Amino acid sequence: MRISKLFGKTQREVPAEAETVSHQLLLKAGMIYQVASGVYSYLPLAWKVLKRIENIIREEMDAAGGQELMLPVLQPLELWQETGRDLAFGKGLFTLSDRRDRKLALGPTHEEVITELVIRNVNSYRDLPLLLYQIQTKFRDEPRPRAGLLRVREFTMKDLYSFDSDEEGLSQSYNKMLQAYQNIYTRCGLPTVLVEADSGAIGGKDSHEFMVLTETGEDEIIYCNNCGYSANTEKAESIKDKLADEKPLPLEEVDTPSITSIESLSSFLKVPQSHTLKVVFYVADGEFVIVVIRGDIEVNEVKLKNALHCFELRLATEAEVKQAGIVAGSASPIGISGIRVIADDSITSGANFVAGANKPDTHFRNVNYPRDFKVDLIADIARARAGEGCPKCGSRLSSSRGIEVGHVFKLGTFLSQKLGAFFVDPSGGSHPMVMGCYGIGLGRLLAAAIEQNHDDKGIIWSMSIAPYHIYLCPLYLENPQVATVAETLYAELEAQGLEVLFDDRQESPGVKFNDADLLGIPIRVTISPRTLEKNSAEIKKRSEKQSQLVPLEGIAKRLKELISEGLSKLSNSA
RNA sequence: CGGGGUGUAGCGCAGCCUGGUAGCGCACCUGAAUGGGGUUCAGGUGGUCGCCGGUUCAAAUCCGGCCACCCCGACCA
């Protein structure tokens, strides 16, 4: 490809709105163009990378026994109502009406549609296990698209759905996919870690995410260096430090003028935050609820949502708090009635806490559970933190940020039961199929690859997903000798099937080198009067500093070697 | 949805306070010189100033409403 003909221009300056590295570089390299919030056009270079990623995924899915098919984006809303997942997705589901006023949804995922399809085609245990997948556009009306391609509303995703006759089969399918995913990331040159995850709106039991560790990641991961436990904070558990047992003292009211936060309360009364009780107000599917947790611990809303079995959970507004008759800033579960109270299990250890008194500027000392207040539900609803104990081995936990580039779920039978996906076993009995689903966002994978592989000059693509392998970079094209050699070499490399981006522009060396670095093509081949004096070209890898002069004679062979070296480093067997 | 911010040429920005019909840099086009890390000079093309309404002789500028986009939070395979 000649750069002079390539659609898409590099830019010197990027919009101030782009904050993450991958977003900036994608814009600067002229690879993507934003059409609306969370909606992008992909220019040829980005599209090439996406297709490379897609092919790697396809090969691994096929190798694992998957069969590719194509499913509709447009889906009847009724299908979603059947499984109740229209509620689980809530406003995240794009919906529309057709001319007859039938309600439709733009598929955010395809379990419903594919399960229906499987029902029509599978009756017997003989047809199982079944692994079906699609690589298609999906739509989710995210509350807040952000960071370029990392969180968008329209995106390409590979989803594989597994159908098995029992839990054992599901585990096998699940493990197959875990391995296939490892292969995919290895081949893309993208190191990932596997973490336990919450299954969210998708539903189901076991769930794992593949994370690329980067500082800019949206997710926080809690992990143990000792035993290898790792989990998304949405899911992570921890052993909270136990407080010393004390003899319960009598409840005592204290004046706390203008003290409304745990921080100020702690310093005003000179008690550690861990000896206070914090109260947080939520509205769960329209019901006002109170959450009690130790002052130094944060509420994990995913855990809370799961504990409450609700679809929609949000912090209550000031007005709602007031209407519930609660004094924000001095609130407490003591003496509350008619409102559901949920407590974190952290309140069951320790004694003599400071808590609100439910009247302005007043708190209680020596609050003890269950002596002084009742709760309706006790659960682990705390956000695990680095430094706390590992739930598996007790060692200290660490934390890191990451980008989720893959998510696998053991769905079980809840969808097959709701939709009626049953099969007949060898003895004639009917059972629901046991399902799993396994997704990878391609655009996000691309963005994550940039987040993890770049320098201050630009992108550094892995050989396996780079849009082109070679950046042919002649300097001083006005020089007829340079032009002739460059054109000849370009033709030769193309003829040999190498993928070359030919910088045939009459630009200064600085411009060309900077673009080469920005675009991140793995191998740069420079030709100039200087190299031609020695009948050579200069070869430089994007990932390395030094370059070498290589004779023009036989250079195609040398380049082929470099490319296959680059690819074999990323092979599964490595 | 709550908080904050921004909309002026493809991109980055100034002009707005104090109204007088739009400017700078990059990019793009023409020419010349230069040139191994975004080179220099000269000339040139390109803008419904986010949209609608109001005030005014006159609105990018003042007032009102709306919209879009970004950031933080909420939310989110």
Side-chain angles (χ1 to χ4, degrees), chain A residues 8-20 23-24 27-28 30 33-39 85 88-93 108-111 138 140-148 150-153 155 157-160 197-204 207-211 218-219 232 234-235 280 282-283 299 301-302 305 311-320 403-409 411 436-441 444 456-458 473-479 482 505-518 524 526-531 538 540 547:
Chain A
K9 274 196 171 51
T10 60
Q11 311 224 259
R12 285 203 202 189
E13 284 167 303
V14 296
E17 62 196 32
E19 296 209 338
T20 51
H23 192 191
Q24 288 172 350
L27 289 170
K28 205 173 173 201
Y33 174 78
Q34 182 172 17
V35 175
S37 180
V39 179
R85 293 210 308 170
F89 270 92
K91 289 181 180 160
L93 195 63
T109 177
H110 286 71
E111 283 82 8
K138 309 216 177 189
R140 292 182 193 177
D141 197 357
E142 295 288 346
R144 186 146 91 83
R146 74 183 106 178
L150 283 176
R151 181 165 292 279
V152 292
R153 296 191 295 172
F155 54 99
M157 180 168 156
K158 186 284 303 179
D159 230 347
L160 183 140
D198 181 75
S199 58
I202 296 289
S207 174
H208 288 89
E209 289 166 335
F210 286 86
M211 292 280 182
E218 291 186 290
D219 290 286
N232 191 315
E234 291 180 356
K235 163 91 176 177
V280 195
Y282 286 93
V283 174
V299 175
E301 296 188 354
V302 173
K305 197 171 171 181
F311 290 120
E312 199 200 326
L313 181 74
R314 60 173 173 83
L315 283 169
T317 63
E318 263 179 57
E320 285 165 332
I403 300 167
E404 175 194 347
V405 291
H407 200 157
V408 297
F409 305 79
L411 296 171
C437 72
Y438 316 84
I440 294 183
R444 187 184 281 185
D456 57 338
K457 287 291 191 180
C473 188
L475 307 181
Y476 318 119
L477 264 178
E478 310 77 357
N479 178 319
V482 170
R505 301 171 299 172
Q506 304 215 352
E507 289 284 357
S508 69
V511 170
K512 293 189 167 193
F513 287 153
N514 276 296
D515 275 348
D517 288 346
L518 174 60
R524 188 182 79 196
T526 307
I527 296 167
S528 71
R530 196 189 288 179
T531 68
E538 177 198 273
K540 181 185 170 298
S547 60

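Everything quoted here is computed from the prediction, not taken from an experiment. To find a chain, count down the sequence lines: A is the first, B the second, and so on, and within it residues start at 1.
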Could you walk me through whether Phe210(A) and Ile440(A) pass side chain to side chain contact (heavy atoms under 4.5 Å, CB included), step by step? CA-CA 9 Å; Phe210(A) 286 86; Ile440(A) 294 183; over 6 Å; no
For Lys138(A) and Pro108(A) the tightest heavy-atom approach is CD-O, 3.6 Å
Distance between P atoms of C70(B) and G12(B) (Å, rounded): 13 Å
Glu478(A) CD to U39(B) P: how many Å, rounded? 14 Å
Just checking, Arg524(A) and Phe513(A): is the charged tip under 6.0 Å from the six-membered ring centre and within 45° of the axis? yes
Closest non-hydrogen atom pair between Pro529(A) and Leu475(A), with its separation: CD-O, 4.0 Å
Establish, with yes or no, whether the OP1 or OP2 oxygen of C72(B) is under 4.0 angstrom from a side-chain nitrogen or oxygen of Arg144(A). yes
Touch class at under 4.0 angstrom, heavy-atom based, for Phe155(A) against every strand present: base
From CG of Asn232(A) over to P of C76(B), roughly how many Å is that when rounded to an integer? 12 Å
Rounded distance in Å - CZ (Arg524(A)) to P (G37(B)): 10 Å
Among U39(B), C69(B), C76(B), the one nearest any side-chain atom of Glu142(A) is C76(B)
For a quick test of reading the model, state the closest non-hydrogen atom pair linking Ser528(A) to Val482(A) and the distance between them. C-CG2, 3.9 Å
Value in whole Å for how far the C1' atom of G35(B) lies from CG of Leu475(A): 9 Å
Touch class at under 4.0 angstrom, heavy-atom based, for Lys457(A) against every strand present: base
Could you let me know what G46(B) is paired to, Watson-Crick or G-U wobble, both distances under 3.5 Å, or none if it's on its own? none
Could you let me know what C62(B) is paired to, Watson-Crick or G-U wobble, both distances under 3.5 Å, or none if it's on its own? G54(B)
Taking for Gly148(A) and for Gly510(A) the nucleotide of RNA chain B with the nearest heavy atom, the one nearer the 5' end belongs to Gly510(A)
Expected rows: protein N/O vs nucleotides 3-7 of chain B N/O, under 3.5 Å:
none

Which one, G37(B), U39(B), G36(B), comes nearest to the side chain of Asp517(A)? G37(B)
Within a strict 4.5 Å, meaning less than it, do heavy atoms of the Met211(A) and Asn232(A) side chains meet? yes
Using a 4.0 Å heavy-atom cut-off across all strands, classify Asp159(A) as base, sugar-phosphate, or nothing. nothing
Select base, sugar-phosphate, or nothing to describe what Ala147(A) touches, counting heavy atoms under 4.0 Å on all strands. sugar-phosphate
Establish, with yes or no, whether the OP1 or OP2 oxygen of C70(B) is under 4.0 angstrom from a side-chain nitrogen or oxygen of Ser37(A). yes
Please report the interatomic distance OG1(Thr10(A)) to CG(Leu518(A)), rounded to the nearest 0.5 Å. 6.0 Å
Nearest-Å distance for atom pair CG/P, residues Asp456(A) and G37(B): 16 Å
Interatomic distance at C1', U8(B) relative to G25(B), whole Å: 15 Å
What's the CG-P distance between Asp219(A) and C76(B), to the nearest Å? 12 Å
If G31(B) has a Watson-Crick or G-U wobble mate with both distances under 3.5 Å, name it; if not, just say none. C41(B)
Any donor-acceptor pair, under 3.5 Å, between the side chain of Glu538(A) and the base of G36(B), if you only look at N and O atoms? yes
Where each residue is assigned the nucleotide of RNA chain B containing its nearest heavy atom, which of Arg153(A) and Arg444(A) is assigned the position nearer the 5′ end? Arg153(A)
Is Thr531(A) touching bases, backbone alone, or none of the nucleic acid, heavy atoms closer than 4.0 Å? base
Tell me whether the side-chain N/O atoms of Ser528(A) come closer than 4.0 Å to OP1 or OP2 in G36(B). no
Check: Arg505(A) and Asp515(A) side chains under 4.5 Å, non-hydrogen atoms: yes
Can a side chain N or O of Gln34(A) be found less than 4.0 Å away from OP1 or OP2 on A68(B)? no
Which atom pair, heavy atoms only, marks the closest approach of Asp159(A) to Gly439(A)? OD1-CA, 3.4 Å
Output for pair (Asn514(A) CG, Lys28(A) NZ), nearest 0.5 Å, gives 7.5 Å
Could you tell me whether Pro143(A) contacts a base, only the sugar-phosphate backbone, or nothing, with contacts defined as non-hydrogen atoms closer than 4.0 Å? base
P atom, G38(B) versus C76(B): distance in rounded Å? 48 Å
Donor-acceptor pair between Thr109(A) and Glu111(A) side chains, under 3.5 angstrom: yes
Roughly how many Å apart are A22(B) and G50(B), using the P atom of each and rounding to a whole number? 15 Å
Please state the C1' separation for the pair G3(B) and C16(B) - nearest whole angstrom. 26 Å
pair_partner(C24(B)), Watson-Crick or wobble, both distances < 3.5 Å, evaluates to G12(B)
Take atom OH of Tyr282(A) and atom P of A74(B), then tell me their distance rounded to the nearest Å. 9 Å
Could you run down the sub-3.5 Å N/O contacts of the protein with nucleotides 24-27 of chain B?
unit_1	atom_1	unit_2	atom_2	d
G25(B)	N2	Glu13(A)	OE1	2.9
A27(B)	OP1	Arg12(A)	NH2	2.8

Is A74(B) paired to anything, Watson-Crick or G-U wobble with both distances less than 3.5 Å, and if yes, which nucleotide? none
Does a salt bridge link Glu142(A) with Arg151(A), judged by any charged N lying under 4.0 Å from a carboxylate O? yes
Integer-rounded Å distance: G12(B) C1' and Leu27(A) CG: 13 Å
